[in-house]
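Heads up, the thing below is written out as structure tokens.
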Amino acid sequence: EISGRVLEMAGAISRDYAGREILVIGVLKGAFVFMADLIRALSVPCQTDFIRAASYGAGTESSGTILITKDVELPVEGRDVLIVEDIVDSGLTLRYIIDALKLRNPRSIKVCAFLDKRKRRKIHFEADYVGFTMEDGFIVGYGLDFNEQYRFLPAVYVLDPAPACEKEENG
Ligand code: PRP
């Protein structure tokens, strides 16, 4: 199901950018698996780069304080930029990255997200290309982690906190 959807998304992107070259910017770390599959399915040329934004806060929620800890290295000015994300949650990370990149005068800027988790949005944010939407739940695999674990899993899974709780209850 994932590979089929990635092919569909790559098809839509290739049609929209026909005759142009895309600067694909992956948001580290989570996006690298999805991005690798997506760019190999494009039928338009692209250059690739990465950005990393850290959001400081407790546990699994964004605090809203975002810092770019690894910047894009290629020039963005005049380019058709496609930001690739694994997941949109509160929307704060992407809003921050888009605003930062817009200051560098790209020709266009769009977002492609593998997962759109809509329930916890803190601001209005719509990605231009979305793989799958979900309401809530903590997803791991296909690049997504929990405490840096599970990124390598080829599919996506909902993390079930029950086993850890049961363990505690059982002493
Ligand atoms: C995740 C995800 C997005 C961001 C989405 O990254 O990859 O970048 O959070 O959250 P938001 O919409 O609430 O801002 P994370 O900080 O977990 O880093 P990672 O990609 O290295 O796992």
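This one's a predicted model, so the numbers in the text were calculated from it and none came from an experiment. Numbering of ligands and ligand atoms starts at 1, following listing order.
Taking every non-hydrogen atom of Leu28 and a distance limit under 4.0 Å, the qualifying atoms of ligand 1 come out as 20 (O), 21 (O). The Asp145 neighbourhood of ligand 1 comprises atoms 22 (O), with distances under 4.0 Å to a heavy atom of that residue. Atom numbering of ligand 1 starts at 1 in the shown order; those under 4.0 Å from a heavy atom of Ile87 are 2 (C), 3 (C), 5 (C). Those atoms of ligand 1 with a heavy atom of Glu85 less than 4.0 angstrom away are 2 (C), 3 (C), 7 (O), 8 (O). The distance from ligand 1 to the heavy atoms of Ser90 drops below 4.0 Å at these ligand atoms: 11 (P), 12 (O), 13 (O), 14 (O).
Contact check on Asp71 versus Arg104 returns a salt bridge, with a Lys/Arg side-chain nitrogen under 4.0 Å from an Asp/Glu carboxylate oxygen. Note on Asp86 versus Lys117: no salt bridge recorded, every NZ/NE/NH1/NH2 to OD/OE distance being 4.0 Å or above.
Here the side chains of Val44 and Arg20 are not in contact, with every heavy-atom distance at 4.5 Å or above.
Of all heavy-atom pairs spanning Leu23 and Leu74, the tightest one is CD1-CD1, 3.7 Å.
Geometrically, ligand 1 and Val27 share no nitrogen or oxygen pair separated by less than 3.5 Å. Considering backbone and side-chain atoms alike, Gly30 places an N or O below 3.5 Å from some N or O of ligand 1.
Contacts with ligand 1 closer than 4.0 Å are made by no heavy atom of Arg120, backbone or side chain. Neither the backbone nor the side chain of Arg121 has any atom closer than 4.0 Å to an atom of ligand 1 (non-hydrogen atoms only). Neither the backbone nor the side chain of Ile66 comes within contact range of ligand 1; no heavy atom lies under 4.0 Å.
Between Tyr157 and Tyr150, a ring centre-to-centre spacing not shorter than 6.0 Å is recorded.
Residue-ligand proximity: Arg52 is placed with a non-hydrogen atom under 4.0 Å from ligand 1.
Using a distance-only test at 3.5 Å, with no hydrogens or angles considered, no donor-acceptor pair links the side chain of Asp128 to the main chain of Cys112. Judged purely by atom type and a 3.5 angstrom limit, Arg151 uses its side chain to pair as donor or acceptor with the backbone of Gly143.
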Inset, instruction - Mind running side chain to side chain contact (heavy atoms under 4.5 Å, CB included) on Val156 and Phe132 for me, showing each step along the way? - result: CA-CA 11 Å; Val156 293; Phe132 299 93; over 6 Å; no
